[in-house]
2 protein chains.
Amino acid sequence: MIVEISDLQALDVWRRTVVASVRCDAPDLSARQMSLLLTVYLTPAPHTVRGLAELLKVTKPAITRAVDRLTELGMIRRKVDENDRRSVLLQRTVKGSVFLREYGELIVAAMGGDGEGDATGLPPKY
Amino acid sequence: MIVEISDLQALDVWRRTVVASVRCDAPDLSARQMSLLLTVYLTPAPHTVRGLAELLKVTKPAITRAVDRLTELGMIRRKVDENDRRSVLLQRTVKGSVFLREYGELIVAAMGGDGEGDATGLPPKY
DNA sequence: CTATTTAGTTTCGGTTACGAAACATTTAGT
DNA sequence: ACTAAATGTTTCGTAACCGAAACTAAATAG
């Protein structure tokens, strides 16, 4: 029962955050793209296509495409591994750091609201 | 400084949750689709296309398409409003409830998993 | 030196999504 | 009744994305 309430509270923080990010006109990233971006920024390097494909249990082309998209958005960068020139290392960028920092702030704002402020700037109905 | 750490902790919970959902082979929903689904389930009815378009600041066709997709996935349902037959009410389904309940469990697991320590000895807020 | 394995990308056919504009249907105004 | 407004969907042309398989380039084995 308490767990149920906790689940609902957690989901509601999630809702407020995602709604705020959509309203802010942030790029409409898919779960795959977001998981890739967060992994590159928050887990220790090196990050390769193969490693991410295994971590996320998706195909390599799916990773390549997500990297393509995130590169277009300027949130990530490719760099050939000089120790093994077959490998591509995925690296952070300033723009990606800014985006994720702001995203973190959205989450914290959504947590702080807890029933009043909701980071959407709208009345509490939504 | 403390805020920075808090942001990073929040982002890491987010990362663990999204990575887990991708690994679980959950549907690869976009931020828009997820925000729509969460809003229908966690905010008071009625939910209409127009209302959601305004809430999320996206076009009505974008909402129609997201509803199409979520309907195909069985996570949401359309119902004509009998008081104003122009309107379509968006309603919950069992499948959607199950999906979101499991998603909430993923978030809670990501919070408890590791790295939540803040050296205060106090339990995490959620 | 050739064969095999490995890493990542590209191709293929088909699906999903986008905004703008046009659309049908229903309600409200006069 | 006849017009005007509102709601949601469809169409249009375009871009993103999917998994499977073919592919290039680099490293390793025999």
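Hydrogens, waters and symmetry mates play no part in the numbers below; they use all other heavy atoms, side chains included. Computed from a prediction, not measured in an experiment: that's the story for all the values here. So that the names make sense, note that chain A is the first sequence line, chain B the second, and so on, each numbered from 1.
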Can you check whether [X] has a side-chain N or O nearer than 4.0 Å to OP1 or OP2 of [N]?
| X | N | answer |
| --- | --- | --- |
| B:Gln33 | C:dT16 | no |
| A:Arg78 | C:dT9 | yes |
| B:Thr59 | C:dC18 | no |
| B:Thr64 | D:dG8 | no |
| B:Arg69 | C:dT15 | no |
| B:Arg85 | D:dA6 | no |

Figure out the [atom1]/[atom2] separation between [X] and [N], and round it to whole Å.
| X | N | atom1 | atom2 | value |
| --- | --- | --- | --- | --- |
| A:Lys57 | D:dC18 | NZ | C1' | 18 Å |
| B:Leu29 | D:dC17 | CG | C1' | 15 Å |
| B:Asp68 | D:dT10 | CG | P | 7 Å |
| B:Asp28 | D:dC17 | CG | P | 10 Å |
| A:Asn83 | D:dA27 | CG | P | 10 Å |
| B:Asp84 | D:dA6 | CG | P | 12 Å |
| A:Leu52 | C:dA7 | CG | P | 13 Å |
| B:Lys60 | D:dT9 | NZ | P | 9 Å |

Out of D:dG19, C:dG8, D:dT7, which has the shortest distance to the side chain of B:Arg50?
-> D:dT7
Just to be sure I understand the rule, does [X] reach a base, reach only the sugar-phosphate, or reach nothing, if contact means heavy atoms closer than 4.0 Å?
| X | result |
| --- | --- |
| B:Arg65 | base |
| B:Ala66 | nothing |
| A:Thr48 | sugar-phosphate |

More 5' along DNA chain C: B:Glu72 or B:Pro61, using each one's nearest nucleotide?
-> B:Glu72
Watson-Crick or G-U wobble partner for C:dA17, using a 3.5 Å limit on both distances?
-> D:dT14
Between A:Trp14 and B:Trp14, how do the two ring planes meet: parallel, tilted or perpendicular, split at 30° and 60°?
-> parallel
Value rounded to 0.5 Å, distance of CD in B:Glu102 from CG in A:Asp7 | 10.5 Å
In Å and rounded to the nearest 0.5 Å, what is the CZ to CG distance from B:Arg15 to B:Leu8?
-> 11.0 Å
Heavy-atom pair with the smallest gap, counting every atom of B:Leu36 and B:Leu52 | CG-CD1, 4.1 Å
Inspect the contact between B:Arg85 and B:Glu82 and indicate whether a charged nitrogen and a carboxylate oxygen are less than 4.0 angstrom apart.
-> yes
Please confirm whether the backbone N or O of B:Arg77 pairs with a side-chain atom of B:Thr93, one donor and one acceptor, at under 3.5 Å?
-> no
With a 3.5 Å cut-off and just heavy-atom distances, do the side chain of A:Arg86 and the base of C:dT6 make a donor-acceptor pair?
-> yes
